[in-house]
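For reference, the structure is listed below as structure tokens.
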Amino acid sequence: MNENENIIKEFISAWSELNAEKLAEFFTEDGIYHNIPMEPVQGKEQVKQFIAAFIQPWTSTTWDLLSIASEGDLVIAERLDRTQAGEKSVDLPCVGIFQMEDGKIKSWKDYFDSKTYFDAMS
């Protein structure tokens, strides 16, 4: 397992803290977070603001890492994201594709079925 995989494992684990500032620190200054199918956001501050808004209603989340693979600066992580927002909950299968640069996330594309998420959280 390479260092980039370890960083992504830490990142995935950190989501349970629901701390947007800490999560944004995993990104490069010009990092991109593209939560498919939403519009991508670029820049550490914009990533932090996006994450903060997205997780605002959440009361807890645990991301189970199902598989991880990497080659060089590319890391692919399959997850099951278990999220609570008060009485509402969702178990959401996801795949994240991370492009790393000097130990930070340069680009993160996260693929999931948005209907599954929004139906459960509406």
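Keep in mind that what you see is a predicted model, and the values were worked out from it rather than measured.
- Note: Phe54 and Tyr117 have parallel aromatic rings, judged against thresholds of 30 and 60 degrees for the angle between ring planes.
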Hey, mind stepping through Asn2 and Ser70 against side chain to side chain donor-acceptor pair (under 3.5 Å) and telling me if it holds? CA-CA 8 Å; Asn2 72 27; Ser70 64; 2.9 Å; yes

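- For the 3.5 Å distance criterion, the side chains of Thr28 and Glu101 fail to qualify, holding no donor opposite an acceptor.
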Evaluate the salt bridge (charged side-chain N to carboxylate O under 4.0 Å, His left out) criterion for residues Lys44 and Glu25: first the C-alpha distance (whole Å), next the side-chain angles of each, then the deciding distance (0.1 Å), finally the verdict. CA-CA 7 Å; Lys44 189 184 287 189; Glu25 287 303 314; 3.5 Å; yes

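- Here the closest non-hydrogen pair linking Ala120 and Ser89 is CB-O, 3.5 Å.
- A pairwise comparison of heavy atoms in Asp64 and Arg82 identifies OD2-NE, 2.5 Å as the closest pair.
- Rounded to the nearest 0.5 Å, atoms NZ (Lys48) and CG (Asn19) are 9.5 Å apart.
- In this structure, Ile76 is not a member of the same hydrophobic cluster as Trp108, with clusters built from ILVMFWY side-chain heavy atoms closer than 4.5 Å.
- Listed here is the closest heavy atom pair of Ile51 and Leu23: CG2-CD1, 3.9 Å.
- Asp102 CG: 12 or fewer foreign heavy atoms inside a 6.0 Å radius.
- Contact record, Gly96 with Asp110: CA-OD1, 3.3 Å, taken as the closest heavy-atom pair.
- Taking the six-membered ring wherever Trp is involved, the centroid distance between the rings of Phe26 and Phe98 does not fall below 6.0 Å.
- Atom CD of Glu87 is separated from atom OG1 of Thr59 by 8.5 Å, given to the nearest 0.5 angstrom.
- At most 12 non-hydrogen atoms from other residues, nucleotides or ligands lie less than 6.0 angstrom from NZ of Lys109.
- Remark: side-chain polar atoms of Asn4 are paired, donor with acceptor, to backbone N or O of Gly72 under 3.5 angstrom.
- Cluster annotation: Ile105 and Ile97 are assigned to distinct hydrophobic clusters (Ile/Leu/Val/Met/Phe/Trp/Tyr, side-chain heavy-atom contacts under 4.5 Å, transitive).
- Phe112 and Val90 fall within a single hydrophobic cluster, where Ile, Leu, Val, Met, Phe, Trp and Tyr side chains are chained together by heavy-atom contacts under 4.5 Å.
- Residues Ile55 and Trp15 form a side-chain contact, since some pair of their non-hydrogen atoms from C-beta on lies under 4.5 Å apart.
- Contact check for Gln99 versus Ile32: no side-chain heavy atoms found under the 4.5 Å cut-off.
- Contact check for Lys106 versus Asp73: no side-chain heavy atoms found under the 4.5 Å cut-off.
- Here the closest non-hydrogen pair linking Val41 and Gln46 is CG2-O, 4.3 Å.
- Put simply, CG on Leu65 and CG on Asp81 are 10.5 Å apart, with the number rounded to the nearest 0.5 Å.
- One finds the CZ atom of Phe27 at 9.5 Å from the CE atom of Met100 (value rounded to the nearest 0.5 Å).
- In the hydrophobic clustering of ILVMFWY residues, with side-chain heavy atoms under 4.5 Å counting as a link, Tyr111 and Leu66 come out apart.
- If you check the side chains of Ser60 and Gln84, you find no donor sitting under 3.5 Å from an acceptor.
- For Glu5 against Ala69, the heavy-atom pair with the smallest separation is OE2-C, 3.8 Å.
- Connection of Val95 to Leu92 is not established within any shared hydrophobic cluster, with ILVMFWY side chains joined at heavy-atom distances below 4.5 Å, either directly or through further cluster members.
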